[in-house]
Peer 1: 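Have a look at this one.
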Amino acid sequence: MTSRSARIVVAGASMAGLRAAEQLRAAGWTEAITLVGDEPHMPYNRPPLSKEVLAGKAAFESLSFRPRASVADAEWRLGTKVVAARLAENIVEFDDGGTLSYDGLVVATGMRPRRLRCPGPFAGRHTVRTIDDAQGLRQALTPGTRVVVVGGGFIGCEVAATAVALGAREVTVVDPLPLPMVGPLGELLAGALLKRHEERGVRFALGTGVTGFTGDDHVTGVVLGDGTVLPADVVVESVGSVANTEWLDGNGLDLSDGVLTDEHLRVGGRPDVVAVGDVARFPNARYDGVPRRVEHWCIPTDTAKHAAKTLVAQLTGTGHDPSPFAPLPTFWSDQHDFRLQSFGAPALGKEDVRVLDGDLDGDVVVGYHAGGRPAGVVALGGRAAAAAASRYRAQLLKQPALTTQGLC
């Protein structure tokens with residue numbers, strides 16, 4: 001049994017950290033919980049930053065989550081960064097020089113935007129990850145602005161759509177890949193997405209990268225790989241993410257892409273350390289068992305629920321559910337007047353893609369298959385498409401684990 005001095009430290013105080021604390025209480029942990037986060041804000045919802053909040057349709061204050069009553073006694077250390085961990089000694093170190101010992105540790109430090117390392121001025125270049133990021137970009141996106149978005153993924157496409165709605169004079173998305181969001185969607189649906197963006201005024205420079213920026217103190221242009229210079233007043237960099245794992249260096253962990261966990265979200269074979277959220281690289285028993293990081297909105301809650309049970313069972317000596325972690329990933333993305341809604345893992349079935357409902361010029365539902373079985377489904381369009389995709393969700397939940405045969 002635990003002693004009265006027992007403590008779980010949650011390193012990271014965003015959505016993943018909050019959900020971890022709540023799920024620790026739900027799993028029966030009654031002792032101390034301390035959450036440590038480098039932002040000064042309480043946990044808030046990030047997806048609206050690139051859409052409703054950036055467009056001025058929702059206030060920044062509306063983003064905050066309301067913690068459950070069960071964590072009212074949790075200690076919050078905001079504006080404090082975890083800079084190191086000594087796992088063998090059960091100690092974490094902070095940027096203010098302080099340390100804290102723990103009985104259990106939850107790694108929930110998330111990720112940060114990757115930045116371009118190109119010559120040229122830095123002023124005028126933005127990312128969208130935090131409230132402060134979105135506030136700065138919102139001030140810069142005035143009517144008549146020329147905007148270049150580097151990266152045609154989720155955030156890049158959402159910001160491009162928002163910039164058009166705010167009256168930007170020109171909005172251009174640059175990406176070295178041949179289509180926007182082709183990684184998660186595949187060529188068929190990515191082509192339909194490209195067409196819809198172009199119809200609404202977004203320009204694309206595809207199949208090319210960025211080699212530099214023009215201007216003295218502020219960006220005035222974006223230099224492409226072929227030497228073309230795109231005029232720009234505002235640049236948004238959406239070129240991927242970097243997992244915040246440096247503080248775990250020196251502990252013999254696999255940090256090659258996030259924090260590698262086992263099928264119960266335990267880190268490095270240690271029973272007293274788990275990882276949650278998009279910093280965790282975990283095997284999904286629903287599919288092929290290959291460890292991957294997943295940056296979808298549902299993952300913090302899904303990982304927190306399983307990891308909390310794992311950790312509390314270890315610390316209290318109670319029984320542990322042997323079932324491996326097997327979530328059904330879900331994402332959505334609002335762009336212009338349409339939505340992308342996905343269930344499952346479409347990226348694992350991009351070699352066998354079929355239209356299941358509707359057509360590519362209207363509301364459409366596309367299925368992704370691996371080994372002849374459904375791996376994921378994505379809807380593109382309005383409410384009817386999203387509702388149709390939801391009907392396929394039950395089929396995906398019933399699918400047995402996929403083998404590696406036929407997978408990408």
Side-chain angles (χ1 to χ4, degrees), residues 6-21 23-24 32-44 46 71 74-115 117 127 129-133 240-262 264-282 291-295 299-300 303-304 306-308 310-311 314-315:
R7 178 183 303 276
I8 292 176
V9 170
V10 181
S14 60
M15 179 183 178
L18 172 62
R19 296 294 181 247
Q23 290 300 324
L24 288 168
I33 298 176
T34 299
L35 297 99
V36 186
D38 56 356
E39 286 193 70
H41 313 286
M42 287 290 287
Y44 58 89
R46 296 188 191 273
V71 295
E75 177 189 11
W76 294 84
R77 297 192 181 186
L78 301 178
T80 301
K81 186 176 183 179
V82 180
V83 295
R86 289 176 269 160
L87 301 187
E89 303 173 54
N90 288 50
I91 291 175
V92 289
E93 303 176 8
F94 307 132
D95 57 355
D96 61 4
T99 63
L100 187 63
S101 61
Y102 63 82
D103 297 88
L105 175 64
V106 179
V107 178
T109 41
M111 45 75 78
R112 61 186 182 275
R114 189 182 301 277
R115 300 305 302 260
R117 297 182 178 180
T127 60
R129 175 64 180 174
T130 68
I131 284 180
D132 295 339
D133 292 339
S241 60
V242 179
N244 294 318
T245 60
E246 293 85 354
W247 63 281
L248 289 166
D249 286 344
N251 289 285
L253 304 178
D254 183 340
L255 305 176
S256 56
D257 179 24
V259 181
L260 178 64
T261 78
D262 66 10
H264 295 294
L265 300 171
R266 293 173 295 213
V267 174
R270 300 192 63 88
D272 57 346
V273 183
V274 295
V276 300
D278 47 21
V279 74
R281 177 160 53 99
F282 59 87
R292 298 180 178 91
R293 279 200 311 122
V294 181
E295 296 181 14
I299 290 300
T303 52
H306 194 95
T310 297
L311 186 57
Q314 169 63 31
L315 297 181

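These numbers come from the heavy atoms of this one structure, side chains and all, not from hydrogens, waters or symmetry mates. Note that the numbering runs from 1 along the sequence shown for the chain.
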Peer 1: The test is side chain to side chain contact (heavy atoms under 4.5 Å, CB included); show your working for Leu265 and Thr310 and say whether it passes.
Peer 2: CA-CA 8 Å; Leu265 300 171; Thr310 297; 5.6 Å; no
Peer 1: Is there side-chain contact between Val274 and Thr303, with heavy atoms separated by less than 4.5 Å?
Peer 2: no
Peer 1: What is the distance from atom CD of Glu75 to atom CG of Leu35, rounded to the nearest 0.5 Å?
Peer 2: 9.0 Å
Peer 1: Go through Leu255 and Trp247 one step at a time and tell me if the side chain to side chain contact (heavy atoms under 4.5 Å, CB included) criterion holds.
Peer 2: CA-CA 10 Å; Leu255 305 176; Trp247 63 281; over 6 Å; no
Peer 1: Applying side chain to side chain contact (heavy atoms under 4.5 Å, CB included), can you list everything that pairs with Arg112, at least two apart in sequence or on another chain?
Peer 2: Val242, Asn244, Glu246
Peer 1: Is there a side chain to side chain donor-acceptor pair (under 3.5 Å) between Arg281 and Ser256 once you walk through the steps?
Peer 2: CA-CA 10 Å; Arg281 177 160 53 99; Ser256 56; 2.9 Å; yes
Peer 1: For the residue pair Asn90 / Asp272, report whether a side-chain donor-acceptor contact shorter than 3.5 Å exists.
Peer 2: yes
Peer 1: Quick one: side chain to side chain contact (heavy atoms under 4.5 Å, CB included) partners of Ser14, sequence neighbours excluded?
Peer 2: Arg46
Peer 1: Of all residues at least two apart in sequence or in a different chain, which pass the side chain to side chain contact (heavy atoms under 4.5 Å, CB included) check with Met42?
Peer 2: Pro67, Trp76, Leu78
Peer 1: Any chance you could lay out the side chain to side chain contact (heavy atoms under 4.5 Å, CB included) test for Ile91 and Leu100, step after step, and finish with the verdict?
Peer 2: CA-CA 6 Å; Ile91 291 175; Leu100 187 63; over 6 Å; no
Peer 1: Would you check if Ser241 and Arg293 make a side-chain contact, meaning some heavy-atom pair closer than 4.5 Å?
Peer 2: yes
Peer 1: Mind listing the closest non-hydrogen atom pair of Ala16 and Gly277 along with its distance?
Peer 2: CB-CA, 4.0 Å
Peer 1: Between Asp103 and Ile8, is there a donor-acceptor pair closer than 3.5 Å when you use the side chain of the first and the backbone of the second?
Peer 2: no
Peer 1: A side-chain contact here means heavy atoms from C-beta on lying under 4.5 Å apart; do Val273 and Arg266 qualify?
Peer 2: no
Peer 1: Testing the basics here: between Ile33 and Ala21, what is the closest heavy-atom pair and its distance to 0.1 Å?
Peer 2: CD1-O, 3.9 Å
Peer 1: Is the closest side-chain donor-acceptor distance between Thr99 and Arg86 under 3.5 Å?
Peer 2: no
Peer 1: Is there a side-chain contact between Val92 and Phe94, using heavy atoms and a 4.5 Å cut-off?
Peer 2: yes
Peer 1: What distance separates Leu315 CG from Tyr102 OH, expressed to the nearest 0.5 Å?
Peer 2: 11.0 Å
Peer 1: Do Arg7 and Thr34 have side chains that approach each other closer than 4.5 Å (heavy atoms only, starting at C-beta)?
Peer 2: yes
Peer 1: Between Ala11 and Val82, which heavy-atom pair has the shortest distance, and what is it?
Peer 2: CB-CG2, 4.1 Å
Peer 1: What are the two closest heavy atoms between Val9 and Ser101, and how far apart are they?
Peer 2: CG2-O, 4.3 Å
Peer 1: Is the side chain of Thr245 donor-acceptor paired with the backbone N or O of Leu248 at a distance under 3.5 Å, no angle test?
Peer 2: no
Peer 1: Heavy atoms, side chains only, cut-off 4.5 Å: are Val259 and Phe282 in contact?
Peer 2: no
Peer 1: Go through the steps for Lys81 and Asp96 under the test side chain to side chain contact (heavy atoms under 4.5 Å, CB included), then give the verdict.
Peer 2: CA-CA 8 Å; Lys81 186 176 183 179; Asp96 61 4; over 6 Å; no
Peer 1: Is it true that a side-chain atom of Asp262 and a backbone atom of His264 form a donor plus acceptor pair closer than 3.5 Å?
Peer 2: yes
Peer 1: Is any side-chain heavy atom of Leu311 closer than 4.5 Å to one of Val106?
Peer 2: yes
Peer 1: Taking the side chain as C-beta and beyond, is there a heavy-atom pair between Val83 and Asp95 under 4.5 Å?
Peer 2: yes
Peer 1: Please give me the minimum heavy-atom distance between Ala108 and Val279, naming the atom from each residue.
Peer 2: CA-CG1, 4.4 Å
Peer 1: How long is the gap from OG1 on Thr80 to CD on Glu39, to the nearest 0.5 Å?
Peer 2: 12.5 Å
Peer 1: Just verifying a value: how many Å separate Ile299 CD1 and Met15 CE, rounded to the nearest 0.5 Å?
Peer 2: 10.0 Å
Peer 1: Check Leu253 against Gly268 and note the closest heavy-atom contact, atom names and distance.
Peer 2: CD2-CA, 3.8 Å
